[in-house]
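Here the structure is a predicted model, which means the values were calculated and not measured.
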2 protein chains.
Amino acid sequence: MSITAFTRSVSDVAAESGVAPSAVRFYEQHGVITAIRTQGDQRRFDDSAACRIRVAKVAQRVGLTVREIAEIFAALPADPQPDDWGRVATTLIDEAESRTAALKAYLTDMRGGGRLCEIEV
Amino acid sequence: MSITAFTRSVSDVAAESGVAPSAVRFYEQHGVITAIRTQGDQRRFDDSAACRIRVAKVAQRVGLTVREIAEIFAALPADPQPDDWGRVATTLIDEAESRTAALKAYLTDMRGGGRLCEIEV
DNA sequence: CTGAACCCTCAACATATGTTTAAGTCAAGC
DNA sequence: GCTTGACTTAAACATATGTTGAGGGTTCAG
């Protein structure tokens, strides 16, 4: 087992993930990432923090909210392994495809009837 | 050619589309739907308004903003025909699939390297 | 051990997406 | 033609997603 190192500061994670420090604090507040605190009350993150944020940004683009993303990431242990990420990836992709499928189904039904838009919702 | 009838009031469109009257006004302000005005300054919408709103709601679920949806709907003429809706549908689906593809690519690259998340952005 | 650079919280601001409410106007049936 | 319900605008409120700034504390390299 590897020892999880909580060595990254807010600005470290911000630089690694490409978002502003304020966003790093925001994502921590909302459970997308987690931190331990130093004696002086400063946040320290592990390697996975920047990763989680980068994945979160892409997931937001397919319509997932920060809350939904945090819920999905709740399945990730500290120091996540490939299998852990794999399960999360599957969940995210399934959700994205499900939403796209709903869009396609709606548009297809709309055309299918020739009624353009009188379909039942 | 069919004569486009602008006969629907705000509450008519709200009822047809399943959103609140305030949302109907909001979507008009943001260009998702368009209205003519009566002599007394009340909004009147045509048949396509409720349809546009229902499509917009589904499109929002895949991450499109109201602004983006309005831009895509700008290609719809008054009294849109099946072909017009078809082009809009294609644009919406392409965008949704593009975003899902970006998510998949990101997650696949992440796993692929075995580095979990040290991929270049 | 000290100073520069970074961190803390909290509050205000900003944008997107709506809803609610107040004060006043319009429309449609009787 | 009047009444009643729906409409108008504008502003305030609410939630999501952040950013900025003030006032003060922490860390770490030298």
- Between D:dT19, D:dT9, D:dC7, which nucleotide gets closest to the side-chain atoms of B:Gln42? D:dC7

- Query: Could you give the CZ-to-C1' distance, from B:Phe45 to D:dC7, as a whole number of Å?
  - Reply: 11 Å

- Separation of atom CD in A:Glu71 from atom P in D:dA16, rounded to whole Å: 12 Å

- Task: Can you tell me the distance, in whole Å, between the NE2 atom of A:His30 and the C1' atom of D:dT19?
- Result: 14 Å

- Just how far, in rounded Å, is P of D:dT8 from CZ of B:Arg37? 6 Å

- Query: From the list C:dT19, D:dT27, C:dC8, which nucleotide is the closest neighbour of the side chain of A:Arg25?
  - Reply: C:dC8

- Task: From the options C:dG18, C:dA27, C:dT9, select the nucleotide whose nearest atom is closest to the side chain of B:Val66.
- Result: C:dG18

- Within the structure, does a side-chain N or O atom of B:Gln60 lie under 4.0 Å from either OP1 or OP2 of C:dG18? yes

- Query: Taking the side chain of A:Ala23 as heavy atoms from C-beta outward, which of D:dT9, C:dC7, D:dT19 is closest to it?
  - Reply: D:dT19

- Short side-chain N/O contact to C:dA27 OP1/OP2 from B:Thr38, under 4.0 Å: yes

- Item | Under 4.0 angstrom between A:Arg43 side-chain N/O and C:dC7 OP1 or OP2 | no

- Is there a donor-acceptor pair closer than 3.5 Å between any side-chain N or O of B:Glu16 and the backbone N or O of B:Ala14? no

- Task: Nearest-nucleotide wise, let me know which of B:Arg67 and B:Asp41 is further upstream toward the 5' end of DNA chain C.
- Result: B:Arg67

- Side chains of A:Lys57 and B:Tyr106, donor plus acceptor under 3.5 Å: no

- Query: According to a strict under-4.0 Å criterion, is A:Tyr27 in side-chain N/O contact with OP1 or OP2 of D:dT17?
  - Reply: no

- Item | Touch class at under 4.0 angstrom, heavy-atom based, for A:Ser11 against every strand present | sugar-phosphate

- Query: To the side chain of B:Thr65, which of C:dT19, D:dT9, C:dT17 is closest?
  - Reply: C:dT17

- Please check if the side chain of A:Ser48 supplies one atom and the backbone of A:Cys51 the other of a donor-acceptor pair under 3.5 Å. no

- Atom CG of A:Asp12 to atom P of D:dT27: distance rounded to whole Å? 14 Å

- Length of the CZ-P vector between A:Arg8 and D:dT27, whole Å: 18 Å

- Query: Between D:dT17, D:dT9, C:dC8, which nucleotide gets closest to the side-chain atoms of A:Val10?
  - Reply: C:dC8

- Query: Relative to the 5' end of DNA chain C, which residue comes earlier, B:Val19 or A:Arg44, by the nucleotide with the nearest heavy atom?
  - Reply: A:Arg44

- Query: Does the side chain of B:Asp12 pick up a donor-acceptor pair with the side chain of B:Ser9 at under 3.5 Å?
  - Reply: yes

- Respond yes when some side-chain nitrogen or oxygen of A:Ser9 is under 4.0 Å from OP1 or OP2 of C:dC7, and no when none is. yes

- Query: Just by modelled atom types, is the A:Asp79 backbone N or O under 3.5 Å from a matching donor or acceptor in the A:Gln81 side chain?
  - Reply: yes

- Query: Does A:Lys57 make a side-chain N or O approach to OP1 or OP2 of D:dG18 shorter than 4.0 Å?
  - Reply: yes

- Separation of C:dA16 C1' from B:Gln29 CD (nearest whole Å): 13 Å

- Message: Of the listed nucleotides (D:dT9, D:dT27, D:dG18), which one gets closest to any side-chain atom of A:Phe26?
- Response: D:dG18

- Item | Donor-acceptor contact below 3.5 Å, side chain B:Glu68 vs main chain B:Thr65 | yes

- Between CD of A:Gln39 and C1' of C:dC8 the distance, given in whole Å, is 15 Å

